[in-house]
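Protein chains get the first letters and strands the later ones, always in sequence-line order, with residue 1 at the start of each.
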Amino acid sequence: MNNVVLQTQGLTKRYGSLIAVNDLTLEVYEGEVFGFLGPNGAGKTTSINMMCGLLQPDAGGVLLHGQPISAGDKEARRKVGICPQEIVLWERLTCLEQLQFVGQMYGMERRTARQRSEKLLEELDLAEKRDQLASKLSGGMQRRLNLALALVHDPDIVVLDEPEAGLDPQSRVKVRGYIQSLARAKTVILTTHNMDEAERLADRVAIIDHGQLLVLDTPEALKGRLGEGDVLEISLNGQAERAEEASQALAREGIPVALDAAHTSLTVRALNAANLLRPILEVLQAAGLEPGEVRLRANTLEDVFLQLTGRKLRE
Amino acid sequence: MKFLTVFLKTCREMSRDWLVVSLSVVFAPFFVFLYWIWFSGGSTAYNVLVINNDTGAALANGAALAAGEEAIQAIQGVHYADGKPLLKVVRSTDRTEVDRILRERGAAAFVVIPEDFSSTIKSLQEGNRMVTAQIVFGGDLTNPYYTLGSIMALTALEGYVQKATGQQPLIQYIEQPLGAYAARTEFEIYVPGVIVFAVIMLIFLAAMTVAREVETGTLRRLRITPMTSFDLLGGISAALVLVGVASVVLTFVTAVALGFRSQGPMWVAMLVGAVTSLSIIGMGMVVACFSRSVSQAFVIANFPLGLLMFFTGAIFPVPQPTLFRLGAHEVGLFDLLPPTHAVVALNKVLTLGVGLEGVLYELTALVILSVGYFALGCWLFQRMHMR
């Protein structure tokens, strides 16, 4: 049985007429990497702020280790570490100084904060830069330091907001490996737009939109919900005016097909997608369409995400 | 404890931002130096334009009397207690030229000595009290120097006439200055104001230091710690007080090196400066509450700066409506502005030679205002930036 470390019950937050978070109920288990996904403006940050005791909900509540927390709860703050998406550093402090400073602001003893800071610098390959001002670090180093600042007080729960954003491949691998190493010892809540990142790292994924929880399950289970099997994508070579007609023809043949908004490609999801290729091409030829590039790939979390939240652009 | 951590962190940051901190520290000493140059190390000498039309007269013993010239010497002889001239005579013969110079504020006043000045003096010396001569004077009445320059010149002329004619004044007026004011140079009189001015400028540094935490987002990182507004603002304020005290001490050292003499104990004046800086920093914290960026803090700080400079007596005295009485003290609207008390206290100590007991009221007021503004800053900061 999984231990619930964080639980939200009917969490709701309104800003005037806008309902930012609407009746959010979920559980986060101890030691898991919990992916928290949603389009921009879906209510992720508001939810996270309420979960961490930074924002008072209008309705509902949050339980941390079974204890209710409220906005401004100092104990809750000590148990949670947050790594914001943007790099937030004190430019005129060295790496070690700012880690130690933040540790002490969480109430750690000076010596303990220093030891913990040096350990983190070591783990994130920043030991050589310990006495260098943050403003002199490269972008990747600054992002790693940003991550270290969320961990310096040794929290039980770590919230990582887009931790891989803006990283070069080497740093991305390093950070990803580090997050994986955190799992089990700590509970990691990961908010991201990078579906690949979520799929690789998260044990379970919650997708929210318009403040509501849409799904919550393991990545594999979510992909299974969308339809087992593969995805066949067929480019229509810019013949958008005839795409609708072809789509209807395929549907009449019993082939499950989706047409994208710009009418430039057809997507077929099926267990035997490869076997369907021949009949699909025949239908398209009969409709007078010359298919372009044909791609066969596995179902991804991004497919699930787009299926649930739509393709319409958000703020 | 967190207060101390923020204090040390702010000190570290300031030590690496040496340009801004250095400018804040040397601002007042630099102004003291400028004032010293401005007043030529002492006091202002007021230019008086003199048109001497006096044609002279021959005395009974055959000697020539040039009373106009002697009167000019009398004007030139007016000096400060330290011997430096108070009036400088600029001779002219052309009234049009005189008007032009006055319009351009090249002189404080003009005096025209008439043709019959010597003959009138001669008649008066001979006992003829029925004669009179007309000395015309004037100037730009909107020029702040006019009143002082013209009165001092006419007083010198009056003194010369009395001396030359043997006329005793009908009534003698004896001036009894308060404290050591009479022995002070103008440079010394202005030093307390410059010190207060320097402390007032701390409002920018205070507001901008806090606003930087907001602008760079580091405040959001601190918000998720168990830190309070008091920890943050207290720690930053304590570090800024060091800058304020350093500036005040350096200002005094500069002033003393340039000839400034304090009539009272210097440490009391420094204490007043330090407490004043604390209160100004408190006001800076209030400004920071309304600022989301450094540039916004700079702009907003200009509003209280104007009030602090022009309604506290730091630059010139202002009348203020009395709100209520507190024992022997009238409490006015501008008493809510800390420099009002600082100006009075520094003047008492530095110019009038008063000790600590003489400025206890002002010091108490400064402490109360410091605590008040700091508490207001913490409360506003909690509401506006920590929620």
Side-chain angles (χ1 to χ4, degrees), chain A residues 45 48-49 51-56 71-94 96-110 113-114 131-136 142 145-150 152-153 155 157-159 161, chain B residues 1-24 205 208-236 238-240 243 292-294 378-379 381-387:
Chain A
T45 305
I48 294 286
N49 284 343
M51 288 181 204
C52 301
L54 286 172
L55 191 64
Q56 185 72 42
D73 192 321
K74 289 188 177 181
E75 264 318 297
R77 291 184 187 191
R78 283 198 182 91
K79 288 176 182 165
V80 180
I82 302 177
C83 175
Q85 181 181 348
E86 59 277 24
I87 296 170
V88 178
L89 304 170
W90 286 270
E91 289 188 349
R92 284 191 288 272
L93 292 184
T94 66
L96 181 63
E97 283 168 352
Q98 49 198 308
L99 283 169
Q100 199 174 324
F101 168 63
V102 171
Q104 288 183 268
M105 294 313 285
Y106 274 106
M108 295 172 86
E109 288 295 323
R110 184 182 161 81
R114 188 184 178 91
D131 296 321
Q132 194 152 324
L133 294 181
S135 56
K136 306 284 183 197
Q142 286 185 337
L145 184 59
N146 205 36
L147 174 61
L149 284 165
V152 70
H153 60 295
I157 301 172
V158 187
V159 180
D161 192 359
Chain B
M1 191 60 194
K2 294 192 187 78
F3 160 89
L4 191 63
T5 306
V6 175
F7 167 74
L8 291 172
K9 170 246 180 198
T10 309
C11 288
R12 270 201 191 102
E13 288 183 310
M14 286 198 307
S15 71
R16 287 163 189 162
D17 193 12
W18 60 270
L19 181 63
V20 170
V21 175
S22 306
L23 285 175
S24 302
L205 188 61
M208 289 160 80
T209 303
V210 179
R212 187 180 292 126
E213 297 278 359
V214 180
E215 185 174 12
T216 58
T218 46
L219 180 66
R220 272 189 297 138
R221 196 178 273 293
L222 292 175
R223 269 183 57 198
I224 57 182
T225 71
M227 178 199 77
T228 63
S229 293
F230 173 80
D231 294 326
L232 180 70
L233 300 191
I236 291 176
L240 291 172
V243 177
R292 300 213 162 266
S293 65
V294 172
C378 285
W379 181 73
F381 199 80
Q382 187 70 33
R383 289 183 66 86
M384 302 180 82
H385 288 302
M386 298 290 280
R387 287 188 176 179

Within the structure provided, determine whether [X] and [Y] are in side-chain contact (heavy-atom separation under 4.5 Å).
X      : Y       : value
R92(A) : R212(B) : yes
L8(B)  : F101(A) : no
R78(A) : T225(B) : no

Those residues that, when tested against F381(B), pass ring-ring contact (aromatic ring centres under 6.0 Å, His included) (two or more places apart):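 F381(B): ring-ring contact (aromatic ring centres under 6.0 Å, His included) contacts with H385(B).
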
Walk me through it: do R16(B) and L93(A) pass the test side chain to side chain contact (heavy atoms under 4.5 Å, CB included)? CA-CA 9 Å; R16(B) 287 163 189 162; L93(A) 292 184; 4.1 Å; yes

Please check if the number of heavy atoms outside Q85(A) that lie under 6.0 Å from its CD is greater than 12.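 Enclosed.
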
Determine, for E97(A) against K9(B), whether the closest basic-nitrogen to carboxylate-oxygen distance falls under 4.0 angstrom.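 No salt bridge links E97(A) with K9(B).
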
R221(B) and E86(A) ion-paired at < 4.0 Å: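 Salt bridge: no.
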
When only pairs under 4.5 Å are counted, which of D17(B), T216(B), D231(B) shares the most heavy-atom pairs with chain A?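 Most pairs with chain A among the choices: D17(B).
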
Is it the backbone or the side chain of R220(B) that comes under 4.5 Å from a heavy atom of chain A, or both, or neither?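 Only the side chain of R220(B) comes within 4.5 Å of chain A.
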
Measure distances from T228(B) to the heavy atoms of chain A and classify the residue's part below 4.5 Å as side chain, backbone, both or neither.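 Interface part for T228(B): side chain.
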
At a heavy-atom distance under 4.5 Å, which candidate from I82(A), N49(A), V102(A) has the highest pair count against chain B?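 Top count of heavy-atom pairs under 4.5 Å with chain B: I82(A).
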
Interface moiety of T94(A) toward chain B, non-hydrogen atoms closer than 4.5 Å: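 Contact with chain B is through both the backbone and side chain of T94(A).
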
Under 4.5 Å from any heavy atom of chain B - which part of L133(A):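 The answer is the side chain of L133(A).
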
So, taking the atom named CD1 in I224(B) and the one named CE in M105(A), what distance separates them when rounded to the nearest 0.5 Å?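 The CD1 atom of I224(B) sits 12.0 Å away from the CE atom of M105(A).
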
